[in-house]
**Q** 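Before I ask anything, let me first share the structure, which is written out below as structure tokens.
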Amino acid sequence: MPGPTVGVFALQGDVREHLHALGELGVATLGVRRPEELAACDALVLPGGESTTMSKLAVTFGLLDPLRARIKEGMPVFGTCAGMILLADHVRDGIEGQQTLGGLDVTVRRNAFGRQVDSFEDDVEFAGLDETVHAVFIRAPWVEEVGEGVDVLARVGHGPAEGRIVAVRQGPLLATSFHPEVGRDTRIHRLFVDQVRAG
Ligand SMILES: NC(=O)CC[C@H](N)C(=O)O
């Protein structure tokens, strides 16, 4: 039996970095711009980028409803930064009428870390990983509220944002405020791919 195909939403964002990380793990990948491409995928990555642009483009390219439908059906999805925002059921500091795909029972705040630290790096402890992850935050959201079925996987460990939630999982949906696709550490992608392979 062939292995799963993991798509990367490819209308906007750091698509190439995710394709590279997934490729390192030996999984088949596909850039997703059209509904037919989504249909060929067993799982999907929503990259970092700009969430309002991504959701507008998803509408333009006829992907919004198919994406929502696949998420409802239980497709595994991994969202990073803007991708986390797209997965969230509720967004604070979004633009007027900002649409998400939803599925993840959380409230995120866009651009939450504020001006001074709107881009920064920090080592964070991550549930299920023995060693900390060097996390890169770029105008990142954080998670302000989590529903009952949501596991918190990581929080900021230092500084003014200490304790803020920056990684969550709810069933097949995984999301990080930061960008594991930047750099060479593929451990978080591996957690996702292992989950996809396990079906
Ligand atoms: N690096 C990112 O993905 C930034 C997310 C961006 N601030 C947004 O609202 O979509």
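One-based numbering, in listed order, for ligands and for the atoms of each.
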**Q** List the residues meeting ring pair (Phe, Tyr, Trp, His ring centres under 6.0 Å) with His179, not counting sequence neighbours, and say none if there are none.
**A** none
**Q** Determine whether the side chains of His158 and Asp122 contain a donor N or O and an acceptor N or O closer than 3.5 Å.
**A** yes
**Q** For Arg109, is there an ion pair with Asp93 - N to carboxylate O distance below 4.0 angstrom?
**A** yes
**Q** Does ligand 1 have any N/O atom under 3.5 Å from a protein N/O, and what are those pairs and their distances?
**A**
{"from": "ligand 1", "atom 1": "1 (N)", "to": "Ile138", "atom 2": "O", "distance (Å)": "2.9"}
{"from": "ligand 1", "atom 1": "1 (N)", "to": "His179", "atom 2": "NE2", "distance (Å)": "3.0"}
{"from": "ligand 1", "atom 1": "3 (O)", "to": "Gly49", "atom 2": "N", "distance (Å)": "2.9"}
{"from": "ligand 1", "atom 1": "3 (O)", "to": "Gly49", "atom 2": "O", "distance (Å)": "3.1"}
{"from": "ligand 1", "atom 1": "3 (O)", "to": "Ala82", "atom 2": "N", "distance (Å)": "3.0"}
{"from": "ligand 1", "atom 1": "7 (N)", "to": "Asn111", "atom 2": "OD1", "distance (Å)": "2.6"}
{"from": "ligand 1", "atom 1": "7 (N)", "to": "Arg139", "atom 2": "O", "distance (Å)": "2.9"}
{"from": "ligand 1", "atom 1": "9 (O)", "to": "Ser51", "atom 2": "OG", "distance (Å)": "3.3"}
{"from": "ligand 1", "atom 1": "9 (O)", "to": "Arg110", "atom 2": "NE", "distance (Å)": "2.6"}
{"from": "ligand 1", "atom 1": "9 (O)", "to": "Arg110", "atom 2": "NH2", "distance (Å)": "3.2"}
{"from": "ligand 1", "atom 1": "10 (O)", "to": "Ser51", "atom 2": "N", "distance (Å)": "2.5"}
{"from": "ligand 1", "atom 1": "10 (O)", "to": "Ser51", "atom 2": "OG", "distance (Å)": "2.8"}

**Q** Which residues pass the salt bridge (charged side-chain N to carboxylate O under 4.0 Å, His left out) test with Arg34, sequence neighbours left out?
**A** Glu36, Glu37
**Q** Give a yes or no answer on whether the side chain of Glu181 reaches the backbone of Pro47 with a donor-acceptor pair at less than 3.5 Å.
**A** no
**Q** Can you tell me which residue pairs pass the salt bridge (charged side-chain N to carboxylate O under 4.0 Å, His left out) test with a partner in residues 40-64, sequence neighbours excluded?
**A** Glu50-Arg110
